K.L.:
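Take a look at the following structure, please.
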2 protein chains.
Amino acid sequence: MARDPKQNPRGGHADLHAHAIDADAVQGRARAYAASKGIPFTQMRQRVLALLAASGKPMAAYEIAEKLSDARRVQAVQVYRALEFLQEAGCVHRLASQSSYFACDHQHGSGETVVFMVCSQCGAVQEAASNLVARGLLGVAKTSGFKPLHPIVELEGECASCNSQPAR
Amino acid sequence: MARDPKQNPRGGHADLHAHAIDADAVQGRARAYAASKGIPFTQMRQRVLALLAASGKPMAAYEIAEKLSDARRVQAVQVYRALEFLQEAGCVHRLASQSSYFACDHQHGSGETVVFMVCSQCGAVQEAASNLVARGLLGVAKTSGFKPLHPIVELEGECASCNSQPAR
DNA sequence: CTCCAGGGTGTAATATTATAACAAACGTCC
DNA sequence: GGACGTTTGTTATAATATTACACCCTGGAG
Ligand SMILES: [Zn+2]
Ligand SMILES: [Zn+2]
Ligand SMILES: [Zn+2]
Ligand SMILES: [Zn+2]
């Protein structure tokens with residue numbers, strides 16, 4: 001389960017730079033989405049979101065299941081169901097490059113193109129919207145006669161903290 | 001194994017628009033890379049590349065293994081090994097959004113930022129380099145103090161053919 | 001109130017994607 | 001030919017994700 005840090009950066013030097021995000025705010029967004037859809041913001045959904053918000057870093061679904069397991073074991077399928085809701089609600093994103101999930105700090109506009117910057121050293125993710133990237137994508141799509149629907153933009157690299165503290 | 005087209009576009013309406021790529025050219029690139037590294041361009045590597053080039057669409061590793069199996073069964077691990085080589089050689093890319101692999105038509109420059117346009121209908125992938133996207137990524141990275149190393153840019157949408165022939 | 005319908009939950013099973021480990025075969029250099 | 005490093009074939013296992021189904025909860029119709 002727990003990955004070997006030498007193999008995979010996630011969990012490398014623990015939660016340096018891991019900035020937990022505002023749990024109340026993101027929970028508010030989830031609750032609002034649920035209300036707007038007339039579906040419940042159930043306890044499992046709350047627990048998964050709270051864990052991701054507190055962690056401040058991407059987590060694998062099975063890792064979430066394990067952390068949420070206490071007396072009663074939480075199965076991965078339950079986590080996947082909660083993640084599905086949370087992604088629809090825009091409160092959680094999936095990192096395609098790592099098949100992991102993280103809580104989102106932002107209230108994204110509908111047409112926004114967001115870049116996920118993933119640190120290879122510490123595993124932290126920062127998000128930033130970019131109009132230039134959005135225009136670039138529209139450009140290549142137009143040139144190719146392609147109708148763009150959903151962009152996935154991930155940037156692997158080194159975050160500011162890791163870059164300044166090389167070996168830590 | 002074979003996915004349900006209603007669930008997953010890959011394999012939807014077969015190989016409409018699937019433009020097989022120039023097998024000789026891409027094989028030449030692989031051979032050149034192998035020579036430059038002093039490692040062999042073995043038969044398994046050739047077979048995997050030939051299949052991907054002929055298919056012209058992304059394939060899952062296990063799908064490749066199955067198609068390459070004749071008298072002797074080809075195991076997935078053998079395919080993964082070949083894919084590793086082919087990706088290093090720049091002849092094959094991995095689609096992170098689908099965990100599938102496809103042969104590359106282009107000779108990419110070293111710093112190039114390439115966009116993979118994936119059609120949700122027919123599964124075909126087109127590639128295009130974009131300076132604008134590259135600049136956008138550099139921009140958000142700089143703003144965030146992030147050192148970019150490897151970008152992943154995938155655009156899901158509808159290709160020109162599918163867009164003009166909606167229900168086919 | 002009772003019944004019903006739609007979701008959500010808990011649980012088991014299974015599918016899909018990817019890697020680890022190791023002995024045998026191969027190729028190249030000496 | 002022999003040593004050495006790589007590739008292969010094979011088995012096993014890890015990691016990620018979905019399907020199936022019985023049960024439960026809740027809210028509205030009658
Ligand atoms: Zn976000
Ligand atoms: Zn970092
Ligand atoms: Zn390419
Ligand atoms: Zn198409």
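Values in this document were obtained by computation on a predicted structure and should not be read as measured data.
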K.L.:
Just the rounded figure in Å: distance from C1' of C/dA25 to CD of B/Gln43.
P.N.:
14 Å
K.L.:
With the side chain of A/Val77 defined as its heavy atoms from C-beta on, choose the nearest nucleotide among C/dT19, D/dT7, C/dT11.
P.N.:
C/dT11
K.L.:
From C-beta outward on A/Ser99, which listed nucleotide comes closest to its side chain: C/dG10, D/dA17, D/dT7?
P.N.:
D/dA17
K.L.:
Centroid distance below 5.5 Å plus an interplanar angle below 30 degrees: do B/Tyr62 and C/dT16 meet both conditions?
P.N.:
no
K.L.:
On DNA chain D, does the nearest nucleotide to B/Ile39 precede the nearest nucleotide to A/Ala61 from the 5' side, or the other way round? Give the residue.
P.N.:
B/Ile39
K.L.:
Between B/Arg94 (CZ) and C/dT16 (C1'), how many Å, whole number?
P.N.:
12 Å
K.L.:
Of the nucleotides C/dT17, C/dG10, C/dA21, which one has an atom closest to the side chain of B/Arg81?
P.N.:
C/dA21
K.L.:
How close or far is atom P of C/dT16 from atom OH of B/Tyr80, stated in whole angstroms?
P.N.:
12 Å
K.L.:
Counting only side-chain heavy atoms from C-beta out, which of D/dT10, D/dT7, D/dT16 sits nearest to B/Gln75?
P.N.:
D/dT10
K.L.:
With the side chain of B/Arg45 defined as its heavy atoms from C-beta on, choose the nearest nucleotide among D/dT11, C/dT9, D/dT7.
P.N.:
D/dT7
K.L.:
Return the value, rounded to whole Å, for the distance between atom CD of A/Gln78 and atom P of D/dT19.
P.N.:
17 Å
K.L.:
Measure from NZ or CZ of A/Arg45 to the centre of the six-membered ring of A/Phe85 and say whether it is under 6.0 Å with the direction within 45° of the ring axis.
P.N.:
yes
K.L.:
So that I can tick it off, tell me whether B/Asp24 and B/Arg29 are bridged by a salt bridge, with the cut-off set at under 4.0 angstrom between side-chain N and carboxylate O.
P.N.:
no
K.L.:
Using only atom types and a distance under 3.5 Å, with no angle test, would you say the side chain of B/Gln121 pairs donor to acceptor with the backbone of B/Asn163?
P.N.:
no
K.L.:
B/Glu84 CD to C/dT19 P: how many Å, rounded?
P.N.:
8 Å
K.L.:
What is the distance, to the nearest angstrom, from the CZ atom on B/Arg72 to the C1' atom on D/dT11?
P.N.:
16 Å
K.L.:
Should the heavy atoms of other residues, nucleotides or ligands under 6.0 Å from CG of B/Asp22 be counted, would the total exceed 12?
P.N.:
yes
K.L.:
For B/Leu68 and D/dT8, give me the distance from atom CG to atom P, rounded to whole Å.
P.N.:
13 Å
K.L.:
Give B/Tyr101 one of three labels, base, sugar-phosphate or nothing, depending on what nucleic acid heavy atoms sit under 4.0 Å from its own.
P.N.:
sugar-phosphate
K.L.:
Is the A/Tyr62 ring parallel, tilted or perpendicular to the A/Tyr80 ring (thresholds 30°, 60°)?
P.N.:
perpendicular
K.L.:
Could you state the CZ-C1' distance from A/Phe41 to D/dT26, rounded to the nearest angstrom?
P.N.:
19 Å
